Amino acid sequence: MAKKIGVTMEVGNDGVAVITISNPPVNSLASPIISGLKEKFRDANQRIDVKAIVLIGNNGRFSGGFDINVFQQVHKTGDLSLMPEVSVELVCNLMEDSRKPLVAAVEGLALGGGLELAMACHARVAAPKAQLGLPELTLGVIPGFGGTQRLPRLVGLAKATDMILLSKSISSEEGQKLGLIDALVPPGDVLSTSRKWALDIAEGRKPFLRSLHRTDKIGSLSEARAILKTSRQLAKKIAPNMPQHHACIEVIEEGIIHGGYSGVLKEAEVFKQLVLSDTAKGLVHVFFAQRATSKVPNVTDVGLKPRPIKKVAVIGGGLMGSGIATALLLSNIRVVLKEINSEYLMKGIKSVEANMKGLVSRGKLTQDKAGKALSLFKGVLDYTEFKDVDMVIEAVIENIQLKQNIFKEIEKVCSPHCILASNTSTIDLDVIGEKTNSKDRIVGAHFFSPAHLMPLLEIVRSKNTSAQVILDLMAVGKAIKKVPVVVGNCIGFAVNRTFFPYSQAAHMLANLGVDLFRIDSVITSFGLPLGPFQLGDLAGHGIGLAVGPIYAKVYGDRMFRSPMTELLLKSGRNGKINGKGYYIYEKGSKPKPDPSVLSVVEESRKLTNIMPGGKPISVSDKEIVEMILFPVVNEACRVLDEGVVIRASDLDIASVLGMSFPSYRGGIVFWADTVGPKYIYERLKRLSETYGSFFKPSRYLEERAMNGMLLSESKSSRSRL
Ligand SMILES: CCCCCCCCC[C@H](O)CC(=O)SCCNC(=O)CCNC(=O)[C@H](O)C(C)(C)COP(=O)(O)OP(=O)(O)OC[C@H]1O[C@@H](n2cnc3c(N)ncnc32)[C@H](O)[C@@H]1OP(=O)(O)O
Ligand SMILES: NC(=O)c1ccc[n+]([C@@H]2O[C@H](COP(=O)([O-])OP(=O)(O)OC[C@H]3O[C@@H](n4cnc5c(N)ncnc54)[C@H](O)[C@@H]3O)[C@@H](O)[C@H]2O)c1
C-alpha cells in the first residue's frame, strides 16, 4: 500500500485549526511536508474563522525530524539547493511570529527538526513517555530549525548544551520539569488539551510566549561563558576529530551575545557548511547502513514471524557466557547458566552479578532493575532445565571436539524447535554441528567482548541454517539492544576476518623498526579508540597465540609471522589480564607505555631480520595509517568478493560496532571508497613489491581499481547468503 504523505488542516467549530503531519513511519520532514506546512500555516493565519492552531503528528508520533534522505541526496549530488531555505521563513516568520497562537500536541517522539517545530510553537502539550531530543550532531550537522537558540532559552544553557552535544534525548516527564513541556496529559487528552490551551492563549487566559524572545533561563553573560567553556572542554574530549560540536557551541554563543535571531541566521550558515562535510557524509551513511542490516533477503521478506524467546540456556560462564547471560537478563529473558562444576558455576554467577553492579555504579541501571534481572537467573550443572528452553547459546572454550559433543547432547535434551547457537569465534559451524541431525537450527551467535556492552551481534548462517532461526535470532538480538548483522560462515566471520591483518601489519611495522607506541598513537589519532598493541593487551596475548594457527591454516599466504607475541608471553606479559603487556596496567590509572618491553621488540627484530640494511625504516604518520589499514581494506575486499556479507554497508556497520572503527569515517568500506580504490591498490602493490605478499592486492580490489568502480558497488547476487 502506498504511504500517505502530506499535511492536512481541519478547522473545528471552536475555531482551532489542527494541522497534521503525515509521513509514516516517523513523520519525517520531507520536502512535501515542509511545503505543506508553509501552505497550511499561511492559510490558517489568513482565515478569519481560525482563532488558534494546533500542530500534531499522525499515528501517535509528532515527528522524527528533517528527512535524512535529503542529506544523502545532497551528499550524492553535492547540490545544496535540495535543502529547503526554511529555517527563518517557516519556523520564525510563519510559526513563532504568527499572530495566532500555536500549540504543539506532542505524542511518541519529537526529535531534531520535530522538536524544533514544537519549540517554535507558543506552548507544548505532551503525552507521557514521549522522546524529546536534538540528535543532529550524530549526523554530523547541527540543529537547523532554530534548535541551537530555542532549547537553551527553554531549558537553560547547561542542560541544552548537554542534550545537544551528547545527542541525549529526554522523556516528556523530564521535559515538563525543565520547562520544555507545558502540560503532561494522558495520551487520549493530548489533542483536546492542546486545542483548549491554544484558545486560552488566543483569549488571553494563558501567556503568549515566543521561545526565541525569552531570556529568563540564560543567566548572565559571565555565567553563560563559563558554561560554554565547560562545553568546549567536553567537545574536545568526546569528539576530537569532528567539526560539528565546536561549530554548534559557536552558534549557541552567537545567540547569547547578539540575540536569538542573530543566532538563527548563523545557525543556517554553519548548517550549510557542515552538511557537506566528510563527517556528515560518513555519519549519514552509518545511519542508513545500520537500518539496512535488518533487511535480509529470503529471511525478512518472506512473511515469517519471529517466535517468542522467553528462556535461554547459556553453556559456559566464562568471560563471554557471563556477558551474554547479563545482556539477556537485562531484557527480561530468563537464563539458565550451565557450567562444568560448582566452583566455575559460582565464578560465572559472580561475574554476572559484577556486570550488573558495574552498570548500577555507572548509573546505567537502577538497583531495582538489577534485582529484577537477577531474579530471572539460575545456575545449573546438568541439562534438566534445558527441556523447555527456546534457545541455547554455547560459550565454552574454543575446542572443536568439546563443542561437537555438547551439540550432540543438547540436540537430545532440548525440544525440537529449540535454537542451537554457538558463540565460537573461529570454528566452522558445519563442523560444530557435524554430529547432529539438527543442522537447520544451528547458528552462530557471535558476540563481542564485553558481551553485555558491545553493540554488535554477528549472526552466522551456515548453508543449512533455516530462515526462521535467523529471524528468531535477529529478534533476540534487537530485544537485547544489539545490532544484529547476518554474515556467512568462514574463519573469523566478517569482523575478525577483516581485521586480522590489523595487528599483523602493526607487528610488521614494529619489526621494520617503527616505534610501537608511535604506531598506537597514530592509529588513535586516526580515530580508533585503541591502537593495535594496546588492543592486543586488552584481549590478552594468549588468545592471539591460540588463534594464529587457525588463521594461518586458511589464510596462510597472506600472513605475517611475527615471534613478538610468543616472546612477550615468555617474558611474563599477557596484557591487561596480568597487569603487564606493551603497557603497564595499574588500578585507577591510565595504561602507561612500558619502555622495558623494547628489549622484547629488539629480540623479535633480530629474529625476523626484515629491516632493510638492518636499519629502521622511516615512515610518515600517513604511511603508518596506510600500512596498517590498507591490508584491512584488502581483506574486506575478499569478504565482499566471497559474499560473506549481504551488502558492503553491513561490513561498515560491523566494523564500526565490532571494532570501533570511527563512525564519522562511515565504516571500513565507505572510508576506503573515499580514499579511492585505485590509490589503495597502487599503494598496496608498491608495498608488496618492497615487503612481500602480505600486502598483495586482492583480485576484487584490482578489478575495482582497474574499472574505476567503488568497492561498495554491488556486482549483484554475489552474496553467499
Ligand atoms: C540550508 C539551511 C537550511 C536548513 C534546512 C534543513 C534543516 C534541518 C534541521 C534539522 O535540525 C535537522 C534534522 O532534523 S536531522 C534529523 C534528526 N532526527 C534524527 O536524527 C532521528 C533519526 N531517527 C531515529 O532516531 C529513529 O528512527 C526513531 C525516530 C527514534 C525511530 O526509531 P525506530 O526504532 O522506531 O525506527 P527506525 O527503524 O529507526 O526507523 C524506521 C524507519 O524510519 C526511517 N527514519 C527514521 N527517522 C528518519 C528521518 N529523520 N528521516 C528519514 N527517515 C527516517 C528509518 O530510516 C527507517 O526506515 P526503513 O526504510 O529502514 O524502515
Ligand atoms: N574472549 C573473547 O573475546 C571472545 C569473543 C567472541 C567469542 N569468543 C568465543 O566464546 C567462547 C568462550 O570464550 P571465553 O573467552 O568466554 O572463554 P572462557 O575460558 O572465559 O570461558 C569458557 C567457560 O566454559 C566453561 N566450560 C568448559 N566446558 C564446559 C562444559 N562442558 N559445560 C559447561 N561449561 C563449560 C569453562 O569452565 C569456562 O568457564 C569461545 O568459543 C570463544 O572463541 C570469545
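In each ligand, atom 1 is the first atom listed, and ligand 1 is the first ligand listed. The shown structure was predicted, so the numbers you read here are calculated from the model rather than taken from an experiment.
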Proximal candidate to atom 52 (C) of ligand 1 [heavy atom criterion; set Asp67, Val91, Leu90]:
Asp67
Any N/O pair Glu339/ligand 2 closer than 3.5 Å
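Yes, Glu339 has an N/O under 3.5 Å of an N/O on ligand 2.
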Nearest candidate to atom 47 (N) of ligand 1, where distance is taken over non-hydrogen atoms, out of Asn27, Val26, Val141, Val270
Val26
Relative to atom 24 (O) of ligand 2, which among Ile393, Val396, Leu319 owns the nearest non-hydrogen atom?
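Looking at heavy atoms only, the winner is Val396.
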Under the criterion side-chain contact (heavy atoms from CB on, under 4.5 Å), which of Ile400, Asn405, Ile406 is the partner of Leu402?
Ile406
State whether the side chain of Arg153 and the backbone N or O of Gln149 hold a donor-acceptor pair below 3.5 Å, judged by distance alone.
yes
Select one of side chain, backbone, both or neither to describe which atoms of Arg61 lie under 4.0 Å from any atom of ligand 1, heavy atoms only.
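Only the side chain of Arg61 comes within reach of ligand 1.
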For ligand 1, indicate whether the residue Leu139 contacts it via side chain, backbone, both or neither (heavy-atom separation under 4.0 Å).
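Side chain only.
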Given side chain to side chain contact (heavy atoms under 4.5 Å, CB included), test Leu283 with Thr138 step by step and report yes or no.
CA-CA 7 Å; Leu283 290 172; Thr138 58; 5.8 Å; no
With a heavy-atom distance limit of 4.0 Å, tell me whether Phe447 approaches ligand 2 through its side chain, its backbone, both, or neither.
backbone
Return the residue, atom name and 0.1 Å-rounded distance of the protein heavy atom closest to atom 14 (P) of ligand 2.
Met320 CG, 3.9 Å
Donor-acceptor check, side chain of Ser331 to backbone of Leu328, threshold 3.5 angstrom: yes or no?
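It does not hold such a pair.
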Could you identify the single nearest non-hydrogen protein atom to atom 10 (O) of ligand 2 and state the distance to 0.1 Å?
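Among all protein heavy atoms, the one nearest atom 10 (O) of ligand 2 is Asn423 ND2, 2.9 Å.
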Considering the heavy atoms of Gly316, write down every atom of ligand 2 situated less than 4.0 Å from one of them.
24 (O), 25 (C), 33 (C), 34 (N)
Under 3.5 Å, side chain of Ser503 to main-chain N/O of Pro532, donor-acceptor pair present?
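No, Ser503 side chain to Pro532 backbone: no donor-acceptor pair under 3.5 Å.
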How far apart are the C-alpha atoms of Asn58 and Asn27, what are their side-chain angles, what is the distance that settles it, and do they pass the side-chain hydrogen bond (donor to acceptor under 3.5 Å, both in side chains) test?
CA-CA 7 Å; Asn58 201 12; Asn27 293 325; 5.7 Å; no
Test your reading of the model: is there a side-chain donor-acceptor pair from Lys408 to the backbone of Glu434, 3.5 Å cut-off?
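No, because the side chain of Lys408 does not come within donor-acceptor range (under 3.5 Å) of the backbone of Glu434.
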Is it the case that more than 12 heavy atoms not belonging to Lys347 sit under 6.0 Å from its NZ atom?
no
Heavy atom under 4.0 Å from ligand 1: found in Phe271's side chain, backbone, both, or neither?
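Phe271 to ligand 1: side-chain contact only, backbone stays beyond 4.0 Å.
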Polar-atom distance check: Lys272 versus ligand 1, any N or O pair below 3.5 Å?
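The answer is no, given that Lys272 and ligand 1 share no N or O pair closer than 3.5 Å.
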Is the shortest N/O to N/O distance between Gln131 and ligand 1 below 3.5 Å?
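No: no nitrogen or oxygen of Gln131 is under 3.5 Å from one in ligand 1.
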Look only at the side chain of Asn574 and the backbone of His541, and say whether a donor-acceptor pair between them is shorter than 3.5 Å.
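A pair under 3.5 Å: yes.
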Nearest non-hydrogen contact to atom 49 (C) of ligand 1 from the set Ile68, Leu29, Val70, Leu117 belongs to Ile68
Verify, without hydrogens or angle tests, whether Ser211 (side chain) and Met119 (backbone) share a donor-acceptor contact under 3.5 angstrom.
yes
Using a heavy-atom cut-off of under 4.0 Å, does the side chain or the backbone of Ser425 touch ligand 2, or both, or neither?
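For Ser425, the contact with ligand 2 is made by both the backbone and the side chain.
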Does a donor on one side chain sit under 3.5 Å from an acceptor on the other, for Thr426 and Glu398?
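A pair is found: one side chain offers a donor N or O, the other an acceptor, under 3.5 Å apart.
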For Gly64 and ligand 1, does the shortest N/O to N/O distance drop below 3.5 Å?
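Min N/O separation from ligand 1 is below 3.5 Å for Gly64.
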Per-atom contacts of ligand 1 with Glu116, taking only distances under 4.0 Å to non-hydrogen atoms:
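Answer for ligand 1: 9 (C), 10 (C), 11 (O).
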In ligand 2, which numbered atoms sit nearer than 4.0 Å to a non-hydrogen atom of Ile406?
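Those qualifying, in numeric order: 31 (N).
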Keeping Asn489 on the side-chain end and Asp428 on the backbone end, is there a donor-acceptor pair under 3.5 Å?
no
Just jot down the ligand 2 atoms closer than 4.0 angstrom to any heavy atom of Thr424, in number order.
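Numbered from 1, ligand 2 contributes 41 (O).
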Do other residues, nucleotides or ligands put more than 12 heavy atoms under 6.0 Å from Tyr585 OH?
yes
For ligand 1 and Gly113, I'd like to know whether there is a polar contact (N/O to N/O, distance under 3.5 Å).
yes
Look only at interatomic distance and state if Glu398 has a nitrogen or oxygen under 3.5 Å from any nitrogen or oxygen of ligand 2.
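Yes; at least one N/O pair falls below 3.5 Å.
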Atoms of ligand 2 close to Lys403 [distance to a heavy atom under 4.0 angstrom, numbered from 1]
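Once the distances to Lys403 are compared, the set is 40 (C), 41 (O).
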Heavy-atom protein contact below 4.0 Å for atom 43 (O) of ligand 2
yes
Give me the residue, atom name and distance of the protein heavy atom closest to atom 21 (O) of ligand 2.
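Of every protein heavy atom, Gly318 CA, 3.3 Å lies nearest to atom 21 (O) of ligand 2.
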Check whether Glu339 reaches the backbone of Met346 with its side chain - one donor and one acceptor, N or O, closer than 3.5 Å.
no
Is there any N or O on Gly112 that sits under 3.5 Å from an N or O of ligand 1?
no
Assess the residue pair Met95 and Leu55 against the criterion (side chain to side chain contact (heavy atoms under 4.5 Å, CB included)); give the C-alpha distance rounded to whole Å, side-chain angles, the decisive distance to 0.1 Å, and a yes or no.
CA-CA 10 Å; Met95 294 180 68; Leu55 179 64; 4.0 Å; yes
Within a distance under 4.0 Å of any heavy atom of His446, pick out the atoms of ligand 2 and give their elements.
6 (C), 7 (C)
Taking the six-membered ring for Trp, are Phe66 and Phe145 parallel (under 30°), tilted (30 to 60°) or perpendicular (over 60°)?
perpendicular
Taken to the nearest 0.5 Å, the spacing of Gln290 CD from Ile653 CD1 works out to 5.0 Å
Enumerate the atoms of ligand 2 whose separation from the nearest heavy atom of Lys338 is less than 4.0 angstrom.
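Within the 4.0 Å cut-off of Lys338, ligand 2 contributes 32 (N), 33 (C), 34 (N).
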Proximal ligand 2 atoms for Tyr344, defined as those under 4.0 Å from one of its heavy atoms
37 (O), 39 (O)
Per-residue contact class, Ile427 against ligand 2 - non-hydrogen pairs under 4.0 Å:
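Neither; nothing of Ile427 gets under 4.0 Å from ligand 2.
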Would you call the rings of Tyr383 and Phe386 parallel, tilted or perpendicular, where under 30° means parallel and over 60° means perpendicular?
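Correct class here is perpendicular.
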So for ligand 1, is Thr138 a polar contact partner (N or O within less than 3.5 Å, distance only)?
no
Could you check if a side-chain atom of Ser63 sits within less than 4.5 angstrom of a side-chain atom of Leu29, using non-hydrogen atoms only?
yes
Under a 4.0 Å threshold between the charged nitrogen and the carboxylate oxygen, would Glu96 count as salt-bridged to Arg150?
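A salt bridge is present here (some side-chain N lies under 4.0 Å from a carboxylate O).
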Side chain, backbone, both or neither: the part of Leu402 lying under 4.0 Å from ligand 2 by heavy atom:
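For Leu402, only side-chain atoms sit under 4.0 Å from ligand 2.
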So between Ile315, Ile340, Leu345, whose heavy atom ends up nearest atom 29 (C) of ligand 2?
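That would be Ile340.
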Measuring from non-hydrogen atoms of Pro143 to any atom of ligand 1, is the shortest distance under 4.0 Å?
yes
Spacing of Leu151 atom CG and Thr161 atom OG1 [to the nearest 0.5 Å]
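One gets 9.0 Å once the value is rounded to the nearest 0.5 Å.
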Can you confirm, on distance only, whether ligand 1 has an N/O atom lying under 3.5 Å from any N/O atom belonging to Phe66?
yes
How far is atom 19 (O) of ligand 2 from the closest protein heavy atom, and which atom is that?
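Nearest neighbour among protein heavy atoms for atom 19 (O) of ligand 2, to 0.1 Å: Ile397 CG2, 3.5 Å.
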Note the single closest protein heavy atom to atom 3 (O) of ligand 2, along with its residue, its atom name and the distance in Å.
Ser449 CB, 3.5 Å
Examine Gly144 against ligand 1 and note whether any of their N/O atoms are separated by less than 3.5 Å.
yes
